[in-house]
Asker: 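Structure provided below as structure tokens; questions to follow.
Along the sequence shown, residues carry numbers from 1.
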Amino acid sequence: MSKLINISCLLFLCHLTCSASKTETASKPNVIYILADDLGYGELGCYGQERIETPNIDALAKNGMLFSQHYSGSPVCAPSRCVLLTGKHTGHSYIRGNDEWTSRGNVGNYRAMLADSTLEGQRPLLKDTKTIGKLLQAQGYTTGAVGKWGLGAPHTEGIPNKQGFDFFCGYNCQRQAHTYYPVHLYLNENRIYLDNDTVPIHSKLNKGADPLALESYAKFSLKEYAPDVMFREMMHFVDENKNNPFFLYWATPIPHVAIQAPQKWVDYYVDKFGDEKPYLGNKGYFPHRYPHAGYAAMISYLDEQVGQLVQYLKENGLYDNTLIIFTSDNGPTFNGGSDSPWFNSGGQFNEEYGWGKCFLQEGGIRVPMIASWPGKIKAGTRSQHISAFYDVLPTLCELTGAKVPTDIDGISFLPELLGDKQKEHGYLYWEYPEMQGQQAVRFGKWKAIRKQIKKGNRELELYNLETDIREENNVAKQYPEQVKKAEQLMIEAHTPAKLRRFKMKQLGD
């Protein structure tokens, strides 16, 4: 009799344990992190944009928290994503710039890449890299990455499926993401071929073509638009995992040039903006008959997709248990017909060449960031908290109960989201080995920048962001003590790069 009682007790305890485990899993919030590509600080309505319409993204801000002092990991794609996924700033990260890994051969030729997949992709993350994906997988999350990867070529340890993502659909190679009509994408580790032909990047209009005639641009709009394909696969991932906690990293290539957008949105903005001068490809990428309308169309198309995703979450009872973060990987670009000054893409920051993408000025690294989580994040709030991409990993670890690695640079901003007391950074740091080498450090109201490092420059520029947010008045000579502090912080933050391409010998590498 006592044995039967003991067995019954064990079964009852097992039932309670299993039930508690299921309840705990079910109560974990879903996380959707949306990363736009080259979207400027001022290209959303909620950040002051007046020409491009983004009602669905603006609604996320209205129902959540808008950050005014959030920074990307780098002023260009791959290193910014590495910082995001690993929680380490570019003074410590493995990938510190774009590395096309040219030693493999003709990596810039689309036909060659089509024939030989070993020519695709960028320098891979190392096998033992601790990423957000891996850390959340360990907490029972199903993880998906959709969009542009850029952190590990096919057949390497750097592909998404080996870096913490159960599911991947998109561009493995960021060079191939320079067209929205590629020959193929990847579904996990395998190619999926689209009904498109290769149009070499930087192709121009055919000789003798009329630049005012729409048919002259026909070869740049093919049959299958990659963002459509990726969105369908992404929604399938969400639908398949709606009954269990999931983490979705949606790294859309939009609005990175080339300018290629659904015709309905182009027509909408042609009606709104009127006729305009064609872009003929003189600043790279593909020509476009209506470049302003085409660029705005891409952003509104993305906004439309965000709205469709949110609507699905609401209809399926997932919205209230989902943290959505929307941001961009760096500031607005200067090429491909994008015309950042016309749109005021940098918002309150300068956006011309030398001030946006590829540069460590505020316009190159300060990005929009919106967080929405109904019932948890107070609606309509604005945060002045100074944060960066390397804070995302510890934030999501704290949110999900994952163990935070000890060798990261980030600080969780979950308390800020929930209205609790927030720990602040002593400083933020960036380095970028391209454009002759750059460093920057933000500490309090001060921002110091060193440029032309590879040309031997050691001088720092210093700006007071409280009074000079556009960084137009270098006050280094007036505040030598702040310059000295910035120099010490740069020394403290920099460790020699492991990869030769990212080393700066002037910094002791």
Side-chain angles (χ1 to χ4, degrees), residues 69-76 78-80 82-84 86-98 330-331 349 354-367 386-391 407-411 423-466 468-469 471-509:
Q69 300 195 79
H70 187 67
Y71 290 88
S72 67
S74 176
V76 296
S80 197
C82 178
V83 169
L84 169 70
T86 65
K88 297 181 180 183
H89 63 55
T90 44
H92 296 146
S93 62
Y94 183 66
I95 303 296
R96 303 187 186 188
N98 286 334
N330 48 250
F349 311 112
W355 295 90
K357 181 179 179 177
C358 295
F359 296 91
L360 292 178
Q361 308 289 158
E362 291 292 285
I365 53 176
R366 199 187 293 202
V367 292
I386 300 172
S387 56
F389 271 22
Y390 45 92
D391 296 328
D407 60 345
I408 64 167
D409 299 300
I411 296 172
K423 182 180 179 181
E424 303 290 338
H425 279 281
Y427 65 92
L428 299 180
Y429 176 77
W430 303 263
E431 63 182 63
Y432 179 52
E434 306 302 325
M435 301 296 180
Q436 296 302 324
Q438 305 169 51
Q439 284 178 294
V441 62
R442 164 95 193 257
F443 52 108
K445 66 182 181 180
W446 301 104
K447 167 91 172 287
I449 304 176
R450 179 183 283 139
K451 305 173 184 176
Q452 303 288 315
I453 294 171
K454 291 183 178 181
K455 288 189 173 181
N457 178 52
R458 302 293 298 176
E459 297 297 316
L460 292 185
E461 299 173 11
L462 183 71
Y463 300 97
N464 181 343
L465 296 181
E466 285 186 357
D468 181 27
I469 201 166
E471 299 167 293
E472 295 174 337
N473 183 26
N474 179 10
V475 295
K477 290 183 179 179
Q478 292 95 307
Y479 296 94
E481 71 282 3
Q482 300 300 338
V483 172
K484 185 176 181 180
K485 180 177 180 180
E487 289 174 337
Q488 290 301 313
L489 291 175
M490 287 180 174
I491 292 171
E492 175 185 313
H494 173 76
T495 57
K498 293 181 180 179
L499 294 170
R500 182 178 179 181
R501 178 178 176 84
F502 306 141
K503 291 181 180 295
M504 290 188 275
K505 64 181 182 179
Q506 295 81 1
L507 300 182
D509 292 3

Asker: Kindly write out the residues that satisfy ring pair (Phe, Tyr, Trp, His ring centres under 6.0 Å) with His494, not counting sequence neighbours, or none if the list is empty.
Answerer: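 Residues passing ring pair (Phe, Tyr, Trp, His ring centres under 6.0 Å) with His494: none at all.
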Asker: Nearest 0.5 Å, please: how far is OG in Ser387 from CD in Glu424?
Answerer: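 That separation rounds to 9.0 Å.
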Asker: Looking only at non-hydrogen atoms, find the nearest pair between Ser74 and Ile365 and report the distance.
Answerer: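 Ser74 and Ile365 have their closest heavy atoms at C-CG2, 4.0 Å.
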Asker: Kindly compute the distance separating CD (Glu481) from CG (Leu462), expressed to the nearest 0.5 Å.
Answerer: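 One finds 9.0 Å between CD of Glu481 and CG of Leu462.
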Asker: Tell me whether the count of non-hydrogen atoms from other residues, nucleotides or ligands lying under 6.0 Å of CD in Glu459 goes above 12.
Answerer: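 For Glu459, atom CD is not crowded (no more than 12 foreign heavy atoms under 6.0 Å).
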Asker: Please check if atom NZ in Lys485 has more than 12 non-hydrogen atoms from other residues, nucleotides or ligands closer than 6.0 Å.
Answerer: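 Open.
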Asker: Among Tyr463, Tyr427, Tyr429, Tyr71, exactly one meets side-chain hydrogen bond (donor to acceptor under 3.5 Å, both in side chains) together with Arg442. Which residue is that?
Answerer: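 The residue from Tyr463, Tyr427, Tyr429, Tyr71 that satisfies side-chain hydrogen bond (donor to acceptor under 3.5 Å, both in side chains) with Arg442 turns out to be Tyr71.
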Asker: Should the ring pair Trp446 and Tyr479 be called parallel, tilted or perpendicular, given that the plane angle runs from 0 to 90° and is split at 30 and 60?
Answerer: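 Trp446 vs Tyr479 ring planes: tilted.
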Asker: As an exercise, state the distance from CZ of Phe502 to CG of Asp509, rounded to the nearest 0.5 Å.
Answerer: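 One finds 12.0 Å between CZ of Phe502 and CG of Asp509.
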Asker: Do the non-hydrogen side-chain atoms of Thr90 and Tyr432 ever get within less than 4.5 Å of each other?
Answerer: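 No - every pair of side-chain heavy atoms lies 4.5 Å or more apart.
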Asker: Find the distance between NZ (Lys451) and CZ (Phe359) and round it off to the nearest 0.5 Å.
Answerer: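 Lys451 NZ to Phe359 CZ: 8.5 Å, rounded to 0.5 Å.
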Asker: Could you grab the distance from atom CZ of Arg450 to atom CG of Leu460, nearest 0.5 Å is fine?
Answerer: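 If I round to the nearest 0.5 Å, the distance is 4.5 Å.
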Asker: If the condition is side chain to side chain donor-acceptor pair (under 3.5 Å), which residues does Glu434 pass it with, not counting sequence neighbours?
Answerer: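 If we apply the side chain to side chain donor-acceptor pair (under 3.5 Å) test to Glu434, skipping adjacent residues, there are no hits.
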Asker: Answer yes or no: is there a donor N or O on one side and an acceptor on the other, between the side chain of Asn330 and the main chain of Lys357, under 3.5 Å?
Answerer: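 A pair under 3.5 Å: no.
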Asker: Could you check whether any side-chain N or O of Glu431 sits under 3.5 Å from a backbone N or O of Gln439, counting only pairs where one atom can act as donor and the other as acceptor?
Answerer: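 Checked: no pair found.
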